[in-house]
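Working notes, structure below.
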Amino acid sequence: MNRRTALGLGTVATAGTVLGAASPAAAAPGRGVAGPAPATPRQAAHRVTTSYQGESAHAGGNWQAYVSVVDPAGPLLVPVADEPDRRIEAYSVNKIAVAVAVLDKVDRGLLTLDQRIEVTEAIVVPGGDGIFSLDGAYPSSVTLGHVLANLLTVSDDTAVRLCGSVCPAAELNEILLGKGFPNTQVQPVANPYRFFLGTSTPRETHDLLRALVAGTLLAPTSTALVLRLLRAPVAYTDGVRRVMSSAERARVATKAGWFADARHEAGVIFDKAGAPVLTYALFADGQAGADNFGATHPAVAARARMGRHFLAAVDNLVGTGLVHRPAVQRPSNGG
């Protein structure tokens, strides 16, 4: 197993203080995560470390991760730093980065959310995840806003190609590089308007999310759009948000990526007022069940338990920075 979780309580790292707990081999799933909710950031971080080590060891395979907990009295606490700078295939987690690049062009007035994009049969990924491959009637026309909604909620594969039609691969990578993310890059192909979703590192994915919630990555309206989509009830719920109430799920902005034997997820947990309190980037591959893309896959099930543990660990804490209150979304009975 790849286990590089940083040990050494109080060691100073780039993003903050790196914390450690028992070695992964000695940890069991859920061990050390029961009891009253932690009252301090350091106690919360210790519980996050214990959960990650126990659950990732139980799931097996390879893990690379970076998790932080805010401490209003000091720098970020880093309870998990497991090969954080290893550049790996990010798969659909990089759809956040794609959306950031597209919305950067919106912020600069080069694109608009209400501009229409033609959906041709040729651009649809046959059998791909999402909505567009289910339509069965082409050509159709949708707004760029509709494309982004499908990209970040149901993780639509055709939405990637539609984004590429307005933000080609080379331009997309240049935007991300200019924002300080040299490892978070899509992979160009022969067609300049198409790309594979490319690579990132756990640390860069974490830092991108931190910049997003800090309001330094995009304009306020674009920031709000991304977070509203990642926190929506229809967004991914098999992993970190699985064992949560609807109100608790609204406190988590998350994006998963799955392909071949990889099962990734990255996101932000907010405090009860809407300030960010915990940021996670969890990348996993090599577990059993490569053909199982459901909630029972070992890595996905591990993330579901981690999510419950992470939320409980920070439930009594107060976040820092901008407050992002969730949009009120309730089921409708039509009419």
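Just so you know, these numbers come straight off a predicted model, no measurement behind them.
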(request) Starting at CD of Gln185, measure out to CD1 of Ile175 and round the result to the nearest 0.5 Å. (result) 10.5 Å

(request) Scan for salt bridge (charged side-chain N to carboxylate O under 4.0 Å, His left out) pairs involving residues 116-130, sequence neighbours excluded, and state none if there are none. (result) none

(message) Are Asp157 and Lys95 packed together at the side-chain level, in the sense that at least one heavy-atom pair is separated by less than 4.5 angstrom?
(response) yes

(message) Quick check: is Ile117 connected to Val154 through a chain of hydrophobic side chains (ILVMFWY, heavy atoms under 4.5 Å apart)?
(response) no

(message) To the closest 0.5 Å, what do you measure between CD1 (Ile88) and CZ (Phe283)?
(response) 5.0 Å

(request) Would you check if Phe270 and Val268 make a side-chain contact, meaning some heavy-atom pair closer than 4.5 Å? (result) yes

(request) Sorted by first residue and then second, give each salt bridge (charged side-chain N to carboxylate O under 4.0 Å, His left out) pair with at least one member in residues 167-180; sequence neighbours left out. (result) Asp104-Lys179, Lys105-Glu171

(request) Considering non-hydrogen atoms only, spot the tightest contact between Cys167 and Ala101 and give its length. (result) SG-CB, 4.2 Å

(message) Show, in sequence, the C-alpha distance, side-chain angles and deciding distance for Met244 and Arg251, and conclude whether the side-chain contact (heavy atoms from CB on, under 4.5 Å) test is met.
(response) CA-CA 10 Å; Met244 295 183 185; Arg251 290 174 53 191; over 6 Å; no

(request) Would you confirm whether Asp261, through its side chain, and Gly286, through its main-chain N or O, come within 3.5 Å as a donor-acceptor pair? (result) yes

(message) Would you say Leu208 ends up clustered with Val252 if hydrophobic residues are merged whenever their side chains have heavy atoms under 4.5 Å apart, either directly or through other cluster members?
(response) no

(request) Starting at CG of Leu227, measure out to CG of Leu218 and round the result to the nearest 0.5 Å. (result) 9.5 Å

(message) So, using side chain to side chain contact (heavy atoms under 4.5 Å, CB included) as the criterion, who are the partners of Ala312 when residues are at least two apart?
(response) none

(message) Taking side chain to side chain donor-acceptor pair (under 3.5 Å) as the definition, give me every residue that meets it alongside Tyr236, ordered by chain and number, with sequence neighbours left out.
(response) Arg303

(request) Starting at CD of Gln43, measure out to CG of Leu77 and round the result to the nearest 0.5 Å. (result) 11.5 Å

(message) Has Glu265 got a side-chain atom pairing as donor or acceptor with Val240's backbone, closer than 3.5 angstrom?
(response) yes

Under 3.5 Å, side-chain donor or acceptor atoms of residues 67-74 against the rest of the protein: list the pairs with distances, not counting sequence neighbours.
residue : atom : partner : partner atom : Å
Ser68   : OG   : His206  : NE2          : 2.7
Asp71   : OD1  : Ala73   : N            : 3.0

(request) Calculate, to the nearest 0.5 Å, the distance between atoms CZ and CZ belonging to Arg161 and Phe195 respectively. (result) 10.5 Å

(request) In sequence, state the C-alpha distance, the side-chain angles, and the governing distance for Leu217 and Thr223, and then conclude on side-chain contact (heavy atoms from CB on, under 4.5 Å). (result) CA-CA 8 Å; Leu217 201 60; Thr223 299; 5.8 Å; no

(request) Over all heavy atoms of both residues, which pair between Pro38 and Leu317 is shortest? Give the atoms and the distance, please. (result) O-CD2, 4.3 Å

(request) With the side chain counted from C-beta on, respond yes when Leu76 and Arg210 share a heavy-atom pair under 4.5 Å apart, and no when they do not. (result) yes

(request) Specify the closest pair of heavy atoms between Glu89 and Gly198, including all atoms of both residues, with the distance to one decimal. (result) OE1-O, 3.2 Å

(message) Would you say that Val142 contacts Val147 through its side chain, given a criterion of any heavy-atom pair below 4.5 Å between the two side chains?
(response) yes

(message) Checking the side chain of Thr120 only, and the main-chain atoms of Pro139 only, is there a donor and an acceptor separated by less than 3.5 Å?
(response) no

(message) Can you give me the closest heavy-atom contact between Leu162 and Ile123, atom names plus distance?
(response) CD2-CD1, 3.7 Å

(request) Report the distance from atom OG1 of Thr199 to atom CD of Gln187, rounding to the nearest 0.5 Å. (result) 8.5 Å

(message) Could you check whether any side-chain heavy atom of Asn173 comes within less than 4.5 Å of a side-chain heavy atom of Pro188, counting everything from C-beta outward?
(response) yes

(message) Quick check on the hydrophobic clustering: are Leu113 and Leu111 connected, directly or via other members, by side-chain heavy-atom contacts under 4.5 Å?
(response) yes

(request) Taking ring-ring contact (aromatic ring centres under 6.0 Å, His included) as the test, write out the residues that go with Phe132, two or more places apart. (result) His146

(request) Determine which pairs satisfy salt bridge (charged side-chain N to carboxylate O under 4.0 Å, His left out) with at least one residue from residues 266-282, sequence neighbours left out, and list them in order. (result) Lys272-Asp315

(request) Taking all non-hydrogen atoms of both residues into account, name the closest pair between Pro84 and Pro202 and its distance. (result) O-CD, 3.1 Å

(request) Treat each ILVMFWY residue as a node, draw an edge where side-chain heavy atoms are under 4.5 Å apart, and state whether Val226 and Tyr280 are in one component. (result) no

(message) Going by side chain to side chain donor-acceptor pair (under 3.5 Å), name the residues that satisfy it together with Thr205, two or more places apart in sequence or in a different chain.
(response) Ser200

(request) Check whether any side-chain N or O of His264 sits under 3.5 Å from a backbone N or O of Trp258 as a donor-acceptor pair, and report yes or no. (result) no

(request) Would you list the pairs meeting side-chain hydrogen bond (donor to acceptor under 3.5 Å, both in side chains) in which at least one residue belongs to residues 320-335, sequence neighbours left out? (result) none

(message) Whether the side chain of Thr153 engages the backbone of Leu229 through a donor-acceptor N/O pair (distance < 3.5 Å, no angle test) should be reported.
(response) no

(message) Using a 3.5 Å distance criterion without hydrogens, assess whether the side chain of Tyr138 forms a donor-acceptor pair with backbone atoms of Gly136.
(response) yes

(request) Write out all pairs satisfying salt bridge (charged side-chain N to carboxylate O under 4.0 Å, His left out) with one or both partners inside residues 229-249, taking only residues at least two apart or from two chains. (result) Glu248-Arg308

(request) Run the numbers on Leu230 and Ile96 for side-chain contact (heavy atoms from CB on, under 4.5 Å), then give the verdict. (result) CA-CA 9 Å; Leu230 295 177; Ile96 301 175; 4.2 Å; yes

(request) Might you point out which heavy atoms bring Ala65 and Leu282 nearest each other, and give the distance in Å? (result) CB-CD2, 3.8 Å

(message) Keeping His58 on the side-chain end and Gly54 on the backbone end, is there a donor-acceptor pair under 3.5 Å?
(response) no

(request) Answer with yes or no whether the side chains of Asn183 and Thr201 bring together a donor and an acceptor at under 3.5 Å. (result) no

(request) Determine yes or no for a side-chain-to-main-chain donor-acceptor pair under 3.5 angstrom, with Asn191 supplying the side chain and Tyr193 the backbone. (result) yes

(message) With a 4.5 Å cut-off on side-chain heavy atoms, are Val318 and Val277 touching?
(response) no

(message) We want to know whether Tyr66 and Thr279 form a side-chain donor-acceptor pair, criterion being a heavy-atom distance below 3.5 angstrom.
(response) no

(message) Tell me whether Gln287 contacts the main-chain N or O of Ala299 through its side chain, where contact means a donor paired with an acceptor under 3.5 Å.
(response) no

(request) Please check if Val124 and Leu148 belong to a single hydrophobic cluster, counting links between Ile, Leu, Val, Met, Phe, Trp and Tyr side chain heavy atoms closer than 4.5 Å. (result) yes

(message) Just to verify, what does Asn292 make a side chain to side chain contact (heavy atoms under 4.5 Å, CB included) with, not counting sequence neighbours?
(response) Thr296, His297

(message) Are Val119 and Ser140 packed together at the side-chain level, in the sense that at least one heavy-atom pair is separated by less than 4.5 angstrom?
(response) yes

(message) The criterion is side chain to side chain donor-acceptor pair (under 3.5 Å); which residues satisfy it with Lys255, sequence neighbours excluded?
(response) Ser155

(message) Are the side chains of Trp63 and Glu83 in contact, using a 4.5 Å heavy-atom criterion?
(response) no

